Amino acid sequence: MIVLNLLKMNARQWAYVGVGGVALLAGVWAAPGGVQTVPEPATMPPQAEEQQVTPMPVTSAEPSQQALQKHIVVSGDTLCGIAQHYGIDLETLMAANPGVTDLIHPGDELVILPHKGVVYQVDTGDTLWDIARVYGVQVETIKSANAKSSDDIAVGEKLFIPGARWGRAEPAVARAYASRFTWPTRGEISSPFGWRWGRLHAGVDIANDLGTHVMSARAGRVIWAGWRGGYGYTVMVDHGGGYVSLYGHLDNYYVERGQYIRAGQRIASMGNTGNSTGPHLHFEVQKDGQPVDPMGLLP
């Protein structure tokens, strides 16, 4: 049975409808599971319509930042005026629209970034960590701005880099840096990469005094920090692109699993732990799970 009773409250009409134990009262829906407020329909501000702002379609190759928009140029628009309207600077507007000049015309479409920053298109050899270092931002900042849950990036993918500046580093320079490793410590090579005593010595041993600084050979994320069998105290760093570096026989380490580190950052001290014949660093590089000669990657 349906009972309809109209009540007048604060000069507004409220409706109560009882249907099988479900009540509707002034936009509030009550059911056995609880009470949920039903929002009133939203309307678009007139100003937004005048500015002809429409959501930028999101594809797998575009940044997924929800505030990314496009602006359709109308008569009287200027680049400075458009930038001011969206609360960004002219440099950011130019960075998002390569090749644009002051000569814009009605009907032109301009990409509007949600904040100050740049859009970077991923190239071959790029990793998330190297891009972050080049532009001076945190990896987590880039991941958050692009709604990424992992560190994986694809060639051709466009990433919004918040707070970065266009031209801060040329892509060619960034790629050249990203393809290099740096020496992780100082000392003498006591054992090279190759077969030794009937088995593969999968890295190079660099000998020096106990406690000598050990640095990360490249930017990346720590995936192991602790005891690792014959390696003794060990740190492993994932650099993306299939590259992982390993630092063994450490006396102590100063990073933890999951931590992002920069190239050249001190991560440990040289030691003599595990199966070791004296103080040295065992430095190993793996590509797609297979050990490679680090000498071919070092300057």
Side-chain angles (χ1 to χ4, degrees), residues 120-143 146 148-157 159 161 169 171-186 189 191-194 200-206 213-226 228-250 253-268 270 280-299:
Y120 179 82
Q121 184 165 340
V122 177
D123 207 337
T124 304
D126 284 339
T127 70
L128 201 57
W129 307 289
D130 292 314
I131 295 170
R133 186 182 189 281
V134 166
Y135 285 103
V137 300
Q138 298 294 320
V139 171
E140 290 299 334
T141 299
I142 299 177
K143 290 172 64 176
N146 295 274
K148 298 183 73 67
S149 58
S150 74
D151 300 323
D152 297 331
I153 54 177
V155 174
E157 181 179 0
L159 300 172
I161 317 294
V173 175
R175 288 195 297 275
Y177 181 87
S179 64
R180 267 186 187 277
F181 284 76
T182 60
W183 284 94
T185 192
R186 293 173 288 109
I189 295 179
S191 182
F193 176 90
L200 178 66
H201 181 238
V204 295
D205 290 346
I206 306 172
H213 291 189
V214 174
M215 285 75 68
S216 176
R218 190 173 169 185
R221 179 170 58 88
V222 178
I223 58 174
W224 182 277
R228 195 173 178 86
Y231 286 108
Y233 287 118
T234 301
V235 170
M236 295 178 68
V237 181
D238 186 350
H239 306 288
Y243 284 102
V244 172
S245 60
L246 180 149
Y247 311 79
H249 306 308
L250 304 172
Y253 55 91
Y254 313 110
V255 293
E256 59 185 16
R257 188 178 299 190
Q259 180 179 344
Y260 289 95
I261 55 177
R262 64 183 184 277
Q265 178 177 335
R266 186 183 181 188
I267 59 174
M270 188 179 295
H280 73 280
L281 171 70
H282 174 83
F283 176 57
E284 187 173 317
V285 177
Q286 301 171 7
K287 178 68 167 70
D288 297 326
Q290 299 299 317
V292 297
D293 190 349
M295 300 302 291
L297 301 170
L298 294 169

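What you see is a predicted model; the values in this text were computed from it and never measured. Computed from heavy atoms alone, side chains included, the values below leave out hydrogens, waters and symmetry copies.
Within the 4.5 Å cutoff, the side chain of Trp224 has heavy atoms near those of the Arg257 side chain. The shortest side-chain heavy-atom distance between Asp151 and Tyr260 falls under the 4.5 Å cut-off. A heavy-atom distance below 4.5 Å is not found between the side chains of Tyr253 and Tyr247. Put simply, the side chain of Leu250 reaches to within 4.5 Å of the side chain of Leu281, judged on heavy atoms. A 4.5 Å side-chain heavy-atom check between Tyr120 and Ile142 finds every atom pair outside the cut-off. With a 4.5 Å cut-off on side-chain heavy atoms, Pro184 and Ile206 count as touching. For the pair Leu159 and Lys148, the minimum side-chain heavy-atom distance is below 4.5 Å.
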Using distance only, find each side-chain donor-acceptor pair of residues 230-239 under 3.5 Å and give its atom names and separation, not counting sequence neighbours.
residue, atom, partner, partner atom, Å
Tyr231, OH, Glu284, OE1, 3.0
Thr234, OG1, Gly232, O, 3.0
Asp238, OD1, Gly240, N, 2.9
His239, ND1, Arg218, O, 3.3
His239, ND1, Ala219, O, 2.8
His239, NE2, Ser245, OG, 2.7

Scan the side chains in residues 288-299 for donor-acceptor partners under 3.5 Å anywhere in the protein, sequence neighbours excluded, and list what turns up.
residue, atom, partner, partner atom, Å
Asp293, OD1, Met295, N, 3.0

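For Arg186, the CZ atom sits in a loose shell: 12 or fewer heavy atoms of surrounding residues, nucleotides or ligands are nearer than 6.0 Å. Heavy atoms of other residues, nucleotides or ligands lying less than 6.0 angstrom from CD of Gln138 number 12 at most.
For His213, the ring-ring contact (aromatic ring centres under 6.0 Å, His included) test picks out no residue, with sequence neighbours left out.
The aromatic rings of His201 and His282 lie perpendicular to each other, with more than 60° between the two planes, well past the 30° mark.
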Would you please test Val222 and Ile267 for side-chain contact (heavy atoms from CB on, under 4.5 Å) and show each step?
CA-CA 10 Å; Val222 178; Ile267 59 174; 5.9 Å; no

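In this structure, the side chain of Thr182 engages the main chain of Ala217 through a donor-acceptor pair within 3.5 Å.
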